[in-house]
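Reviewing the structure listed below.
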Amino acid sequence: MFELTGKTALVTGATGGLGAEIARALHKQGAKVVLSGTRENVLADLAAELGDNAFIAAANLSDSASVDGLVAKAEEAAGSGLDILIANAGITRDGLLMRMKDEDWDTVIKVNLEAYFRLARAATKGMMKRRSGRIIGITSVVGVTGNPGQTNYAASKAGMIGFSKALAQEVGSRGITVNCIAPGFIASPMTEELNDAQRATILQRIPAGALGNGADIAAAAVYLASNEAGYVTGHTLHVNGGMAMI
Amino acid sequence: MSEVLERVRKIVIDHLDADPDKVTEKASFIDDLEADSLDIVELVMAFEEEFDIEIPDDSAEHILTVGDAVNYIQDKLAA
């Protein structure tokens, strides 16, 4: 089950904790993985860790031309057509709406939502020809529940969900599925900075009683990328320990 | 019958799984050959590949019949 041998996957934001975990998990299931991000030395370290079947295609997701060329670059690096797109890269520029600068809005929408559109558009072409493909957007629970201070981020993540549903309907007849994964609170360098009181407040809201980790999200990605998930499309899989049951 | 027409017909027949008798120059992809909008996008992509040309979206919009495709491709190849 969930075998990915012979598949080629592109993971954006592979320099981040979550992206790296997803790349490791896909690779473990046998997929060739192309790692993308902005920090090339971090990508090189991860590629070295994974060994065979790991490739690098650096890109800056706030640069449209760089995003438009990324799928072709990844296919060239791997020497095969792209079967699995994991749009994982994302940024935050938090702040209350009344103090939010245009730039904070624009950058978040561009990197989180517009890059997803550009990558999916480029990936769909080859996937349609091959009559199979997996497009997976890493969104957030915040895209569904909202969160104060994150109007831009929540809008971008909700946008990814709507985009995925529309695209799922367009390409469903061609063997391509389009789904999202919505992580809740995931342990990261950021959550390590929380003090005990903050941590307790957050945990109170999570029935599972713990923060999630990258492996929880990576497992969901492996499933949605697999042949076994072929009948699941337009879905958002919430991986949040029960924090929001939606 | 022109060579371009034959190659276009082959792509259309293969892609739409259409009855070869129906794939005439006058045949409309949508009305006669039951193509949907996604099929048209795929056909245009297939034409681009077969003839090694680029068909911009605003031109693709005007390719409604097999004959339209043949004419467009012939003009493009002659240019």
Check the surroundings of atom NZ in A/K125: do more than 12 heavy atoms from other residues, nucleotides or ligands lie under 6.0 Å from it? no

Would one find more than 12 heavy atoms of other residues, nucleotides or ligands at under 6.0 Å from atom CD of B/E50? yes

Sort by residue number and list every residue of residues 153-171 of chain A having at least one heavy atom under 4.5 Å from chain B. A/E170, A/V171

Report, as yes or no, whether the 6.0 Å neighbourhood of atom CG on B/D75 holds more than 12 heavy atoms from other residues, nucleotides or ligands. yes

Residue by residue, which of residues 223-231 of chain A have a heavy atom closer than 4.5 Å to a heavy atom belonging to chain B? none

Counting only heavy atoms from other residues, nucleotides and ligands, does the tally under 6.0 Å from CG of B/D19 exceed 12? yes

Is the number of heavy atoms from other residues, nucleotides or ligands within 6.0 Å of CG (B/D14) greater than 12? yes

So B/E42 and A/K129, do their side chains get closer than 4.5 Å, heavy atoms only? no

